[in-house]
Student: 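So that we are looking at the same thing, I have put the structure below in structure tokens.
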2 protein chains.
Amino acid sequence: MSDRRTAILESAARVIARRGVRGLRVEELAAEANVSKALIYYHFEDRADLLRRTLAYVNNRAERYTTEQPGTARPDRPLRRLERALLLEFQDIPHVRENSTAWGELRASAVFDPELRGELALADVIWVREVADCLGRVQPAAPESALTASAERLTALLEGLSTRWLSDILPLEDARARMRGAIEAEVAHLARHARCPVHRTASALPSSQDLFD
Amino acid sequence: MSDRRTAILESAARVIARRGVRGLRVEELAAEANVSKALIYYHFEDRADLLRRTLAYVNNRAERYTTEQPGTARPDRPLRRLERALLLEFQDIPHVRENSTAWGELRASAVFDPELRGELALADVIWVREVADCLGRVQPAAPESALTASAERLTALLEGLSTRWLSDILPLEDARARMRGAIEAEVAHLARHARCPVHRTASALPSSQDLFD
DNA sequence: GTCTATAATACGATAGAC
DNA sequence: GTCTATCGTATTATAGAC
């Protein structure tokens with residue numbers, strides 16, 4: 001991939017972090033990348049293509065920093081690894097902030113644009129499986145279904161906290177603290193499930209039918 | 001407030017649910033409300049004003065259906081009340097779906113539009129306090145800070161699950177089940193805090209400094 | 001209060017020179 | 001590959017009649 005192309009993608013990530021996916025104007029991107037509008041249309045089919053490729057690019061960058069660093073000789077202990085993965089998003093560093101923002105935008109856009117859902121659903125499955133895997137190492141006795149449920153909660157929470165952080169509604173350190181608290185709560189939750197496998201969420205509390213009479 | 005104005009706001013909520021805040025076109029809204037574009041500019045200053053007022057309107061509607069129904073003579077038991085409040089958002093009914101969608105959009109837009117943050121932050125504080133209050137009735141021995149932390153997690157999770165539901169990534173019943181599971185986990189978490197108040201999230205797990213060496 | 005024009009412009013996209 | 005200039009249209013917003 002040409003340098004110029006990459007430079008445009010990097011600029012696009014910055015502009016998206018500033019204006020959102022739906023607020024990205026080709027002209028503003030051109031200014032940010034110090035190129036002409038026409039050059040963008042030379043390197044990309046149209047605005048939609050540019051957006052898709054930028055999101056893919058951001059996604060790759062995110063995977064790169066989620067994955068274990070090569071320098072780490074011995075893998076982290078499971079709980080530590082889990083925390084590292086889930087807290088990685090909460091750092092006030094341009095790249096990370098850009099990725100979080102773009103990712104949040106992708107999610108928000110998918111509510112109205114079914115075309116975006118495929119990529120999102122796939123990334124979610126992978127992400128949930130990774131977190132469930134970490135949880136499984138922390139609580140090996142917990143049933144698979146409980147691990148998945150906990151992982152789905154943690155990843156969904158991540159997004160909610162991230163949105164609040166990026167909107168300056170929740171300070172960064174609070175977001176991190178909430179995330180840590182949730183991990184603690186879920187790990188304890190799984191420990192209870194492991195000790196008493198019959199105990200199910202669905203039957204432990206009144207069903208949805210009861211709630212709306 | 002005039003009927004016409006209200007009718008426009010109601011139509012705006014529908015259009016936002018279909019296209020998003022940033023996808024709302026004044027012309028489409030005019031068609032939806034069966035009025036002319038000019039009338040919208042007669043009743044509202046400009047597009048931004050219309051958006052702000054629609055979001056406030058939706059917010060009021062949401063409060064109305066969160067609040068206890070007048071028919072209910074005796075207040076719900078605390079846990080039941082908590083569940084009712086947190087699961088209310090997860091119903092496939094036009095009004096509710098509209099509110100959830102508009103609310104999610106408001107949050108997503110606030111990341112890029114500081115003007116929207118004031119209203120959002122205020123609504124959040126109220127909403128967190130309400131949930132913390134319910135939690136406090138379920139676990140009276142839990143310290144205030146732990147109640148707030150749990151409430152912040154539950155409300156942030158609500159948003160993450162809602163986004164997934166509205167994007168067809170998570171089926172409605174799964175979203176409800178995850179929410180119920182989280183309530184269960186948080187209530188148990190608070191019970192542990194109540195029994196052992198010294199036990200703190202911040203010290204129970206490695207600090208953020210340890211994680212990024 | 002409500003409508004039918006119409007102005008003003010912002011934005012995506014392209015043509016064509018270098 | 002990269003630029004300048006321009007086109008076409010979608011969209012916000014207003015003027016002015018009723």
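Labels below follow one simple rule: chain letters A, B, ... track the order of the sequence lines, proteins then strands, and each chain is numbered from 1.
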Student: Can you name the residues that form a salt bridge (Lys or Arg N to Asp or Glu O under 4.0 Å) with B:E27, not counting sequence neighbours?
Tutor: none
Student: Could you identify which residues of residues 44-56 of chain A place a heavy atom less than 4.0 Å from some atom of DNA chain D, listed by residue number, or say none?
Tutor: none
Student: Could you pull out the protein-nucleic contacts involving nucleotides 1-5 of chain D (nitrogen or oxygen on both sides, under 3.5 Å)?
Tutor:
from: D:dT2; atom 1: OP2; to: A:H43; atom 2: NE2; distance (Å): 3.1
from: D:dC3; atom 1: OP2; to: A:S36; atom 2: N; distance (Å): 2.9
from: D:dC3; atom 1: OP2; to: A:S36; atom 2: OG; distance (Å): 3.0

Student: Is any NZ, NE, NH1 or NH2 atom of the basic residue among A:E173 and A:R176 found under 4.0 Å from an Asp or Glu carboxylate oxygen of the other?
Tutor: yes
Student: Quick one about B:H43 and B:R4 (side-chain donor to acceptor, distance below 3.5 Å, no hydrogens or angles considered), yes or no?
Tutor: no
Student: Any carboxylate oxygen within less than 4.0 angstrom of a Lys/Arg side-chain nitrogen, looking at B:E152 and A:R164?
Tutor: no
Student: Restricting to side chain to side chain donor-acceptor pair (under 3.5 Å), what partner residues turn up for A:D124, sequence neighbours left out?
Tutor: A:R107
Student: Holding to side-chain contact (heavy atoms from CB on, under 4.5 Å), I want the full list of residues that pass it with B:D49, two or more places apart in sequence or in another chain.
Tutor: B:F44, B:E45, B:D46, B:R52, B:R53
Student: Check this for me, if you would: do A:R153 and A:E186 make a salt bridge, where the nitrogen-to-carboxylate-oxygen distance has to be below 4.0 angstrom?
Tutor: yes
Student: Nearest-Å distance, OH (A:Y41) to C1' (C:dA13)?
Tutor: 5 Å
Student: Within 45° of the six-membered ring axis of A:W165 and under 6.0 Å from that ring's centre, is NZ or CZ of A:R178 located there?
Tutor: no
Student: Contact list please: residues 16-30 of chain A against DNA chain C, heavy atoms, distance less than 4.0 Å, in numerical order.
Tutor: A:L24, A:R25, A:V26
Student: Considering all heavy atoms of both residues, which atom of A:R47 and which atom of A:V21 are nearest to each other, and what is their separation?
Tutor: NH2-O, 3.2 Å
Student: Quick one: do B:E98 and B:R18 make a salt bridge, cutoff under 4.0 Å?
Tutor: no
